[in-house]
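Let me begin by presenting the structure, written as structure tokens, before commenting on it.
Just so it is clear, the structure is predicted and the values come from calculations on it, not from any experiment. Below, chain A is the first sequence line, B the second, and so on; all start at residue 1.
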Protein chains: 2
Amino acid sequence: MDTLETRELRYFVTVAEELHFSRAAERLGIAQPPLSRAIQQLERRLGVTLLDRDRRGVALTDAGRVLLDEARVLLDSAAAAARRTQRAAAGPNRLTLATKAGANHELLRRLLDAHGAEPDAAEIEVVLCGMGDQARMLRDGRADVAFMQRPFDALAGFDTEELLTEQQVAILPAEHPLAARSSLTLADIADVPDLPVARWPSQDGTYEPGRGPEIHDLSQLAQLIALGHASAVLCASSRSWLWSAHAAVPLTDAPHVTTVLAWPAHSRSQAVARLVKTAVDL
Amino acid sequence: MDTLETRELRYFVTVAEELHFSRAAERLGIAQPPLSRAIQQLERRLGVTLLDRDRRGVALTDAGRVLLDEARVLLDSAAAAARRTQRAAAGPNRLTLATKAGANHELLRRLLDAHGAEPDAAEIEVVLCGMGDQARMLRDGRADVAFMQRPFDALAGFDTEELLTEQQVAILPAEHPLAARSSLTLADIADVPDLPVARWPSQDGTYEPGRGPEIHDLSQLAQLIALGHASAVLCASSRSWLWSAHAAVPLTDAPHVTTVLAWPAHSRSQAVARLVKTAVDL
DNA sequence: GGCTGTGATACCTGGGCGGTATCAGCGCAG
DNA sequence: CTGCGCTGATACCGCCCAGGTATCACAGCC
């Protein structure tokens with residue numbers, strides 16, 4: 001029947017991305033004829049036409065699109081497997097935990113303290129990464145577990161354990177009139193002319209159009225708010241790092257944020273299991 | 001660095017399962033020396049010792065155990081990718097939906113009706129499978145979506161959409177004294193001497209020890225209950241197929257059951273997306 | 001009609017996969 | 001202690017196939 005070789009998948013993905021055999025061959029560092037042949041073999045083995053080569057170029061068939069998606073995650077998973085194996089060899093009882101700036105420090109600290117107190121606790125290396133990077137780090141095997149937040153982070157494909165649900169708050173300059181209010185709504189802060197809501201980059205690093213300043217960093221944000229040039233919406237635990245120039249006002253209509261511990265769905269690691277157990281008992 | 005070839009992974013998994021090079025080679029249909037060499041190559045490429053070969057046998061190292069887990073899901077995923085590609089080629093706008101006997105018929109029917117009414121709806125093939133088989137069918141690419149139930153089915157690694165939450169009920173012979181009650185608890189039915197609770201097989205097909213009759217089939221169960229030889233705990237929608245000789249009594253303390261629509265987390269299929277959208281709007 | 005650029009075909013070469021034969025360590029029966 | 005049996009490792013060889021070069025067939029286009 002089948003058994004897709006990873007070499008063939010690598011070749012196919014490159015051709016599917018370039019839609020051009022010669023360029024794909026160049027990217028792969030091989031000549032074009034062997035590449036053509038490899039793709040033909042793959043098609044023959046599967047009994048499926050993956051690419052339509054007619055005049056003026058190459059196009060993916062429906063089946064080709066399916067295989068492209070599948071092959072991408074397969075290759076990523078293979079690279080991840082290699083990394084995880086190497087990490088397991090490097091330190092038998094070590095874990096890498098990915099989190100992001102702005103996640104709940106207190107909670108993480110409590111988790112690490114509790115886990116550290118257990119017998120034969122794994123040594124935990126905490127990696128701070130950018131806003132949507134924890135998912136990537138879990139997926140590509142550079143991290144074993146991650147602190148993530150619903151509904152912000154994409155949790156598809158991970159196992160998760162809910163740790164804490166909290167309200168969101170508006171972070172405002174302390175001297176701004178709105179800061180005196182005991183609660184606010186999203187509408188209240190959405191269109192304040194002198195206080196635009198700061199904008200975070202989306203997954204791909206670009207910014208949605210909008211008025212607020214483009215932010216990529218919490219300290220940047222803190223600075224801007226302290227200067228009275230921006231507001232932001234963050235989860236309530238952010239209060240822990242606020243300056244005296246900041247004020248936090250609960251938002252009544254913003255969705256609640258749940259901090260979760262996430263790990264690859266198929267993980268059978270003892271160390272991960274122990275950490276999760278500690279987290280559940282917290 | 002790396003790029004694990006699937007051939008190597010296949011070899012490694014077999015050796016790790018047999019813990020014996022010669023037997024593994026036999027299972028793989030090759031001679032022992034090339035197998036030894038392939039494993040050595042894999043270890044050298046990763047820079048990791050996967051197997052301890054000392055006197056009297058072969059043992060997995062920690063890293064080897066990690067790679068074994070990873071490799072198994074990788075190989076399964078590869079086989080799944082091949083199947084999905086072939087299915088996509090066979091019928092471009094077809095979906096296979098896996099469900100189990102005992103799942104909510106009404107709900108499925110409503111979903112299929114609603115979806116069928118949409119423009120360019122996918123043709124949906126419904127596959128009935130055994131109790132825990134939907135997860136396997138999703139994982140190995142024989143199904144695109146599945147009807148599953150929380151907390152019974154393992155949903156790790158899938159994306160899900162909740163469809164309906166319902167109470168569980170005890171199914172009893174109609175003439176049994178307990179059948180007259182308006183509600184029951186799990187304790188009420190747990191130890192009725194003449195009415196043991198039927199036992200379902202677990203994932204691996206074996207039965208937990210216990211008193212109740214071993215069941216593998218809904219019609220079998222229905223028969224046994226009608227005869228007055230067993231009781232069962234099922235979700236409330238099971239009422240739809242009850243016989244007149246059956247009675248259903250709500251259980252106040254059994255966990256609620258949520259029927260979910262599940263699909264592989266990385267699926268980008270348009271057809272799946274449309275079906276899910278229909279389900280959400282239901 | 002050349003010219004350019006596409007992917008496919010033909011054919012050759014070499015590395016690597018798989019084969020056989022054999023070795024080296026260890027346990028064990030005697 | 002010694003030979004035997006069993007393990008996995010090593011040595012070496014042959015052949016297949018991945019990859020290279022050269023070329024073709026076909027399309028668009030000045």
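Taking 4.0 Å as the cut-off between side-chain N and carboxylate O, A:Glu70 and B:Arg84 count as a salt-bridged pair. Ion pairing between a basic and an acidic side chain is recognised when a charged N comes within 4.0 Å of a carboxylate O; A:Arg45 and A:Glu8 show such pairing. Of the charged side-chain nitrogens involved, none lies within less than 4.0 Å of a carboxylate oxygen, so that A:Glu5 and B:Arg7 do not count as a salt-bridged pair. Taking 4.0 Å as the cut-off between side-chain N and carboxylate O, B:Glu43 and B:Arg37 do not count as a salt-bridged pair. Using a cutoff of 4.0 Å between basic side-chain nitrogens and carboxylate oxygens, A:Arg87 and A:Asp144 are scored as salt-bridged. With salt bridges taken as basic N to acidic carboxylate O contacts below 4.0 Å, one links A:Glu17 and A:Arg27.
Straight-line distance from the CZ atom of B:Arg53 to the C1' atom of C:dA24: 15 Å, rounded to whole Å. Atom CG of A:Leu42 is separated from atom P of D:dA18 by 12 Å (rounded to the nearest Å). In this entry the distance linking CD of B:Glu8 with C1' of C:dG18 reads 14 Å, nearest Å.
Contacts between residues 23-41 of chain B and DNA chain C, counted as heavy-atom distances below 4.0 Å, involve B:Gly29, B:Ile30, B:Ala31, B:Pro33, B:Pro34, B:Arg37, B:Gln41. Residues from residues 11-22 of chain A with heavy atoms under 4.0 angstrom of DNA chain C, sorted by number: A:His20, A:Phe21, A:Ser22.
The stretch residues 272-282 of chain A participates, sequence neighbours left out, in these side chain to side chain donor-acceptor pair (under 3.5 Å) pairs: A:Asn93-A:Arg274, A:Lys277-A:Asp281.
Minimum heavy-atom separation, B:Thr61 to B:Thr49: OG1-O, 2.8 Å.
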